[in-house]
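Report on one structure; see the data block that follows.
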There are 2 protein chains.
Amino acid sequence: MARKTKDEALATRSQILDAAERVFGERGVARTSLHEIAESAGLTRGAVYWHFKDKYDLLSALWERCRLPLEAAFAEIDAQLVDDPLARIRQKTRGVARSIVHDPRTRNMMGIALLRCEMVDEIAASRARLVGERDACLDKISSEFAAAILQGQLRKGTDARAAAISLHALIDGLCYHWLLDPSQFDFEAVVAAATDQWLTGLGAVLSPGKAGPRRPARRR
Amino acid sequence: MARKTKDEALATRSQILDAAERVFGERGVARTSLHEIAESAGLTRGAVYWHFKDKYDLLSALWERCRLPLEAAFAEIDAQLVDDPLARIRQKTRGVARSIVHDPRTRNMMGIALLRCEMVDEIAASRARLVGERDACLDKISSEFAAAILQGQLRKGTDARAAAISLHALIDGLCYHWLLDPSQFDFEAVVAAATDQWLTGLGAVLSPGKAGPRRPARRR
DNA sequence: AGAGATACATACATGCATGTATGTTTCAAG
DNA sequence: CTTGAAACATACATGCATGTATGTATCTCT
């Protein structure tokens with residue numbers, strides 16, 4: 001075997017990432033060797049070591065690959081619902097649930113992050129990134145809540161940060177349990193109901209059937 | 001070294017479990033070898049293999065060791081609040097939070113189960129037990145909710161199972177995030193507030209400062 | 001068109017984790 | 001008091017995962 005064109009090289013890189021996502025999801029991060037990943041990709045360890053420093057570098061790349069579309073979707077929601085923080089919150093939790101249920105890549109990565117990966121020093125890079133994301137996400141939700149309170153969408157005196165932490169935990173917890181056993185409940189439905197339930201408890205008045213102004217249908 | 005008395009043997013077994021809890025919590029389950037555990041316990045792998053079949057048997061024993069006191073605490077709450085399902089729910093989430101914050105063993109085990117352990121086939125025994133626990137726990141919470149609805153403590157028409165799933169996820173999610181970074185928030189306070197917030201959203205009317213009839217002070 | 005760099009595959013050396021087999025005391029039962 | 005077994009420690013064999021070094025054929029640039 002020998003040198004490929006740049007496009008082909010990018011394709012093999014993708015193959016490696018796909019294979020890693022598969023095998024990590026099936027056997028867990030720690031228990032999978034680079035040999036298994038290479039084999040599952042139809043390559044050898046040489047290819048893996050060429051494209052990635054080691055297993056944890058691969059993991060970081062995997063995380064990056066699934067982070068971008070999620071952030072784009074969030075940005076789109078931000079842009080479309082500038083003046084309605086409550087609707088933004090509702091749309092975002094629904095959007096995450098939708099992605100997890102319908103996009104295998106997002107679902108697999110969530111499964112890996114929550115269930116197939118030990119949060120220890122070796123994962124430090126990925127872990128720091130994850131914790132960083134989480135903090136950023138939390139700040140974002142907190143500010144949504146703060147804005148909603150300011151606009152009178154939620155009860156005055158509500159602790160925005162505590163409300164944000166709890167809502168975030170609620171969604172993550174539902175995700176964790178659903179990934180453990182997807183047959184137990186309808187993830188999208190429960191996430192939507194729980195979100196609205198939580199917001200209602202904070203004094204929100206929601207139109208029952210809808211989650212704020214309808215966003216345009218998006219093709220998948 | 002040679003044969004010890006039965007009590008001494010039980011003591012070394014405990015030493016091994018303590019060491020395993022330590023090292024698993026520090027380095028993750030997959031990355032720790034039985035050699036490290038034995039060394040941390042001041043023993044050799046021979047001792048570990050004498051008392052346990054392998055690493056996953058050890059993990060199961062660890063889980064068992066921390067499950068019992070929690071279940072006892074739950075049973076006590078059940079006994080003391082027979083006629084007040086809503087108070088039982090509030091006491092139990094508070095009790096779990098209290099144990100996690102103040103009892104190192106419970107906290108370490110939660111950390112291992114949620115953050116330091118890959119949920120894969122090799123952990124099948126422990127994992128099945130964990131999932132089983134979770135289902136049993138969920139059924140328990142569901143029936144508490146159902147009872148609360150029957151007694152008029154919650155809004156009629158509430159979906160008991162969905163409410164239970166979400167509350168469970170909420171607490172687990174808070175636990176997950178708090179263990180990831182305990183400096184972020186006051187776990188006990190947020191759990192208590194979030195629980196009450198959730199129940200309020202379901203139509204509960206709670207006396208603000210207290211969580212049902214006072215349980216007797218318990219020594220630690 | 002030649003040369004160097006690219007994109008891998010192959011080969012090699014090393015180390016560690018596991019499981020088992022065997023040794024060695026000491027306890028405990030008869 | 002003897003004997004078998006308990007409660008470990010030690011020794012051994014095996015396999016796998018890792019990282020690197022090297023080979024090699026092809027692309028790409030000039």
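As the structure is a prediction and not an experimental result, all values here were calculated from the model. Residue numbers start from 1 in every chain, and the chains themselves are labelled A, B, ... in the order their sequence lines are given, proteins ahead of strands.
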Point to revise | Residue A/Thr5, side-chain atoms from C-beta onward, closest of C/dA9, C/dG19, D/dT28 | key: D/dT28

**Study point:** Nearest-angstrom distance from the residue atom CD of B/Gln15 to P of D/dA9
**Key:** 10 Å

Exercise for review: Using a strict cut-off of less than 4.0 Å between a Lys/Arg side-chain nitrogen and an Asp/Glu carboxylate oxygen, indicate whether A/Asp18 and A/Arg13 qualify as a salt bridge.
Suggested key: no

Exercise for review: Scan residues 46-53 of chain A against DNA chain D and write down, sorted by residue number, each residue with any heavy atom closer than 4.0 Å; if none is found, say none.
Suggested key: A/Tyr49

Review point. Between B/Asp172 and B/Arg134, is there a salt bridge with N-O shorter than 4.0 Å?
Key: no

Point to revise | Option passing side chain to side chain contact (heavy atoms under 4.5 Å, CB included) with B/Phe24 (candidates B/Lys55, B/Met109, B/Arg31, B/Glu36) | key: B/Lys55

Practice item. Could you check how far NE2 of A/His35 sits from P of C/dA11, rounded to whole Å? Key: 14 Å

Point to revise | Short N-O contact, A/Asp135 and A/Lys140, less than 4.0 angstrom | key: no

Review point. Below 4.0 angstrom, N of the basic side chain to O of the carboxylate: do B/Arg161 and B/Asp139 qualify?
Key: yes

Practice item. Measure from CD1 on A/Ile37 to P on D/dT18 and round the result to the nearest Å. Key: 8 Å

Exercise for review: Go through D/dC8, C/dA9, C/dA17 for me and flag the one nearest to the B/Ala9 side chain.
Suggested key: D/dC8

Review point. In whole angstrom, what separates A/Glu8's CD from D/dC27's P?
Key: 7 Å

Practice item. Answer yes or no: is there an ion pair linking A/Lys92 with A/Glu144, defined by an N-O contact shorter than 4.0 Å? Key: yes

Point to revise | Below 4.0 Å: OP1/OP2 of C/dC8 and any side-chain N or O of A/Thr44 | key: no

Review point. Can a salt bridge be assigned to the pair A/Glu133 and A/Arg67 using a cut-off of 4.0 Å between side-chain N and carboxylate O?
Key: yes

Check your understanding: Of all the choices, C/dT10, C/dT18, D/dT18, which nucleotide is nearest to the side chain of B/Arg45 once you look at every atom?
Key -> C/dT18

Study note, to complete from the structure: Rounded to whole Å, the CG-P distance (A/Asp7 to D/dT26) equals 18 Å

Exercise for review: Could you tell me whether A/Ser33 contacts a base, only the sugar-phosphate backbone, or nothing, with contacts defined as non-hydrogen atoms closer than 4.0 Å?
Suggested key: sugar-phosphate

Check your understanding: For B/Lys55 and C/dT18, is the shortest distance between a side-chain N/O and OP1 or OP2 below 4.0 Å?
Key -> yes

Point to revise | Rounded distance in Å - OH (A/Tyr56) to C1' (D/dA17) | key: 11 Å

Point to revise | Atom-pair distance (CZ on B/Arg13; P on D/dC8), nearest Å | key: 12 Å

Exercise for review: Could you tell me the separation between the CG atom of A/Leu10 and the C1' atom of D/dC27, rounded to a whole number of Å?
Suggested key: 15 Å

